[in-house]
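Structure first, commentary second.
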Protein chains: 4
Amino acid sequence: MEHVTVTFLRDDNIDAPILIEGLPGIGHVGKLVADHLIYELGGEKIGEISSLHFPPQVVVDEQGVTHLVKNEIYRCEKDGKAALFLVGDFQSTSAEGHYTLTERYLDIAEDLGVGRIYALGGYGVGHLVESPRVLSAVNMEHLRPEVEAAGGSFENAGNSGMIVGASGLLLGLGEARGIEGICLMGETSGYIVDPKSADSLLTVLSHLTGIEVDHTSLQQRAENMEQIIAKIQEAEEGKGREELSYIG
Amino acid sequence: MEHVTVTFLRDDNIDAPILIEGLPGIGHVGKLVADHLIYELGGEKIGEISSLHFPPQVVVDEQGVTHLVKNEIYRCEKDGKAALFLVGDFQSTSAEGHYTLTERYLDIAEDLGVGRIYALGGYGVGHLVESPRVLSAVNMEHLRPEVEAAGGSFENAGNSGMIVGASGLLLGLGEARGIEGICLMGETSGYIVDPKSADSLLTVLSHLTGIEVDHTSLQQRAENMEQIIAKIQEAEEGKGREELSYIG
Amino acid sequence: MEHVTVTFLRDDNIDAPILIEGLPGIGHVGKLVADHLIYELGGEKIGEISSLHFPPQVVVDEQGVTHLVKNEIYRCEKDGKAALFLVGDFQSTSAEGHYTLTERYLDIAEDLGVGRIYALGGYGVGHLVESPRVLSAVNMEHLRPEVEAAGGSFENAGNSGMIVGASGLLLGLGEARGIEGICLMGETSGYIVDPKSADSLLTVLSHLTGIEVDHTSLQQRAENMEQIIAKIQEAEEGKGREELSYIG
Amino acid sequence: MEHVTVTFLRDDNIDAPILIEGLPGIGHVGKLVADHLIYELGGEKIGEISSLHFPPQVVVDEQGVTHLVKNEIYRCEKDGKAALFLVGDFQSTSAEGHYTLTERYLDIAEDLGVGRIYALGGYGVGHLVESPRVLSAVNMEHLRPEVEAAGGSFENAGNSGMIVGASGLLLGLGEARGIEGICLMGETSGYIVDPKSADSLLTVLSHLTGIEVDHTSLQQRAENMEQIIAKIQEAEEGKGREELSYIG
């Protein structure tokens, strides 16, 4: 078996200048934004990536049909603006796998004409956040003013921070290939799947890409989550927030 | 050393249209069914698989003779219906090994003309089960009606379930090769080696394959296990079932 | 780097019909016997094996000089009887490494004309043993009578036992190459480095190989250890043997 | 992706007779010394090493710019004496990676004419040390008198010590290539980043290399650390030193 297998479902007219990565991570913030964009833009799946660096298992769907663990590439287009999306339910199970997979993601990006990558994620702070900031990092210094103008914050810089996994390596390994990389991380508690943080992140991302979509369904999920949290807080009154279990 | 070594003990007349996988797993349900079928059908061992992805050890038999950890391929034939079996006492020790081994299992299946794989296992529910269902998954949607007609249930579908290890990957990687895959999982507590669940699974499998065998020895083992459990429950009265230790 | 590097210090007259493996294991029983034999027979180091499957470290000797972690091959000859020894302070750190290293050990054995391998080890029983038996396993059934005649016991057979690591794989992988394999395991508590068990093992091994050496230094170490244990038992009176810490 | 990628920033006039390794380790003693020397000597970065054996992440700097995890090679020259430095914030995440990376470090050393390697580190003793010794090891016995004359101690020899990671393997694997290796380990508690130990180590290293630099900034850091420790000891009076947490 090849370590990574990439299969394209079609090969014509699949170029795009940007790639948006929304693999699973803290608070599923990046995944929520990417899935929301693909849904609202009516994205088309153009490729699949399987690998022995993913967990050795299949997912059973609602029909009882199995699907090999994989990542997927979607392509969306709106008002002449095209974007690729890298999404899925899994990341690599090993350090070596993260490097190997990310190099293949970058091969695909280069082949399809991508000049800039947006890596989306969450930034865990350990407590509920009223107004989540969108903390940011870039792989080339000249990108910073553009991100700040779009509402991204760099207040996290200087904390000796690390960005782990595909998001980090897309920026780190992408730089050597001359691909611009912007990482947007919605502030989030780390305890819950966080659509409110995703909503903030989406606003900044839309400013950067010029691709606007309706936020209603994301905001509705955020309101539902707020209500769930309020109920739990009532019930847990006196126990402290740190006992909140992970809700999704 | 090659990562996987396959040795055939003979090479004539070893084709078969189906492969039945019964490697170790929850409640040893799949293994019990496969071993029972091989015994009742007088199966012949036609191949052995060793690999550096198996644990680095040998098994000492009753004569004090060592045997390298391996998987084995048997072939059975009854009334003109032939089947291959993949059995053994071990699965891979690593994620990468699961992928690498399963690709080799599929190479063998393709070489021997296999068009359909039955992956057998247990479905752990955490409590003793009076009438174990045979929960199912398929790797192509058109297989579902046939499985339901044979008594397989799809009530587990929609639970975001995963099938881990060789059983899952045989379906997931087999699909890409056009090999039909049906996973049958006997409901079981997860605490005991479970011949009752194996008996239920065997019934569904026989309906699907048209290969019938005597169930007596499996049912006898199931009765013995019931008596053991009854005694333990008496002794443990008041402690709760969850303290039942694993019995085999 | 090659995964395994074998360096011979000389290449003439280094054949031998048997290889005795004494790598570290339970109670260091195998290592004690092999080191004792090499010392008493005035063995000569003829080869070294280094590998990235060993721990990534060097050992600092009494002169402050570092030595890469390695295994060593010695050759001994007495009364026209020659034997190779495989010794060292480390085994592989991974399952794959055990397989890869053992295949290389067997390559060396084949190149040097080895027809039989003695794998030495301990058999941990969890309590102090007054008269340690030498439990045994063979990789070909015809070897058993010879081992029994030499004083080896097969009372452990039938316990579904496993032999893990180099000792097990030398037998398991050696069988496929037609190399006879005999594993001798001195019964030992598992709590202490056990020269008494090594003394018993050496007796059986000498009967098998026809190579006799003086046991005095091994017996002296065994007596010293007995005295240490007696003192600890006095001191620990009332606490139970299971609190004995590992002594070497 | 290659397992290790080495990139040189220039290729003329980069030879040097010695390489000084200061990768992270106990008390960051080696790293403190190497970083101090590079700073005081105005070293120039001449190469970078990235690898899938490093953690899969990027570091975010004070400007919010990401940097792939890497090791770096600097070159310094003073009074006609040139030295290369191997520094960075990470070592390999796996045993195999340590071997693979060290072989590449040695390839670089050979290519650039290095005849001797100084591997710098800490020697953890578990308690605060008033006058830290510089414990030593060499990969060729003839190096010992020179190290002792420079103030290095070999009192640690005979303790069955190990040197783990890049420092150990540079000596162990370097010996086979005929490259002299000297490991200097500043005695340190293991609880704190220890500039006092680094100051002692620097003195011995300067005697050996003949490259002298100002110690002021290192001594200033040592004094600051002394004051921090004094305050903590006051606060912790009565609790015991072993509760000191790691300070850096």
Side-chain angles (χ1 to χ4, degrees), chain A residues 1-10 23-24 28 31-32 35 45-73 87-104 165-166 193 245-248, chain B residues 3-4 53 91-107 117 119 121 123 135-148 152-177 180-185:
Chain A
M1 188 196 192
E2 298 231 24
H3 286 207
V4 186
T5 304
V6 181
T7 314
F8 279 100
L9 308 181
R10 76 162 213 247
L23 294 171
H28 279 217
K31 185 171 162 53
L32 284 170
D35 288 351
K45 184 160 78 170
I46 60 161
E48 294 183 341
I49 300 158
S50 58
S51 172
L52 54 72
H53 297 298
F54 289 139
Q57 58 193 43
V58 290
V59 182
V60 182
D61 74 14
E62 310 241 324
Q63 306 308 317
V65 179
T66 57
H67 301 275
L68 192 61
V69 161
K70 62 179 65 125
N71 284 179
E72 297 175 323
I73 304 163
V87 291
D89 287 323
F90 297 93
Q91 294 213 19
S92 166
T93 58
S94 72
E96 289 86 351
H98 274 300
Y99 277 96
T100 304
L101 281 161
T102 302
E103 291 285 10
R104 286 302 289 276
V193 169
S245 55
Y246 203 95
I247 309 157
Chain B
H3 286 207
V4 186
H53 297 299
Q91 294 213 19
S92 166
T93 58
S94 71
E96 289 86 351
H98 273 302
Y99 278 96
T100 304
L101 281 161
T102 303
E103 291 285 11
R104 286 301 289 277
Y105 300 147
L106 289 167
D107 290 345
I117 291 172
Y123 191 96
L135 298 166
S136 312
V138 293
N139 71 350
M140 301 175 191
E141 200 164 356
H142 75 266
L143 298 167
R144 183 168 162 162
E146 187 182 344
V147 175
E148 286 178 312
S153 161
F154 283 83
E155 294 173 58
N156 52 308
N159 294 348
S160 306
M162 305 282 183
I163 304 171
V164 179
S167 286
L169 290 185
L170 282 168
L171 270 68
L173 295 169
E175 189 213 346
R177 299 185 188 223
E180 295 177 348
I182 293 170
C183 185
L184 302 175
M185 296 166 282

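Letters A, B, ... are given to chains in the order of the sequence lines, protein chains preceding strands, and every chain is numbered from 1.
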task = Report the distance from atom CG of B:L169 to atom CG of A:L68, rounding to the nearest 0.5 Å.
result = 6.5 Å
CG-CG distance between B:L101 and A:L52, expressed to the nearest 0.5 angstrom = 11.5 Å
query = Quick one: of B:L135, B:V164, B:V138, who has the most non-hydrogen atom pairs under 4.5 Å with chain A?
reply = B:V138
key: Greatest number of heavy atom pairs closer than 4.5 Å to chain A - which of B:S92, B:G161, B:A166, B:G165   = B:G161
ask   = Does A:S94 reach the side chain of B:E96, with side-chain heavy atoms less than 4.5 Å apart?
value = yes
ask   = Distance-only, no hydrogens or angles: does the B:Y99 side chain make a donor-acceptor pair with backbone N or O of A:H3 under 3.5 Å?
value = no
inquiry  = Strictly less than 4.5 Å between heavy atoms, which residues of residues 58-67 of chain A line up against chain B? Please order them by number.
reply    = A:V58, A:V59, A:V60, A:D61, A:E62, A:Q63, A:G64, A:V65, A:T66
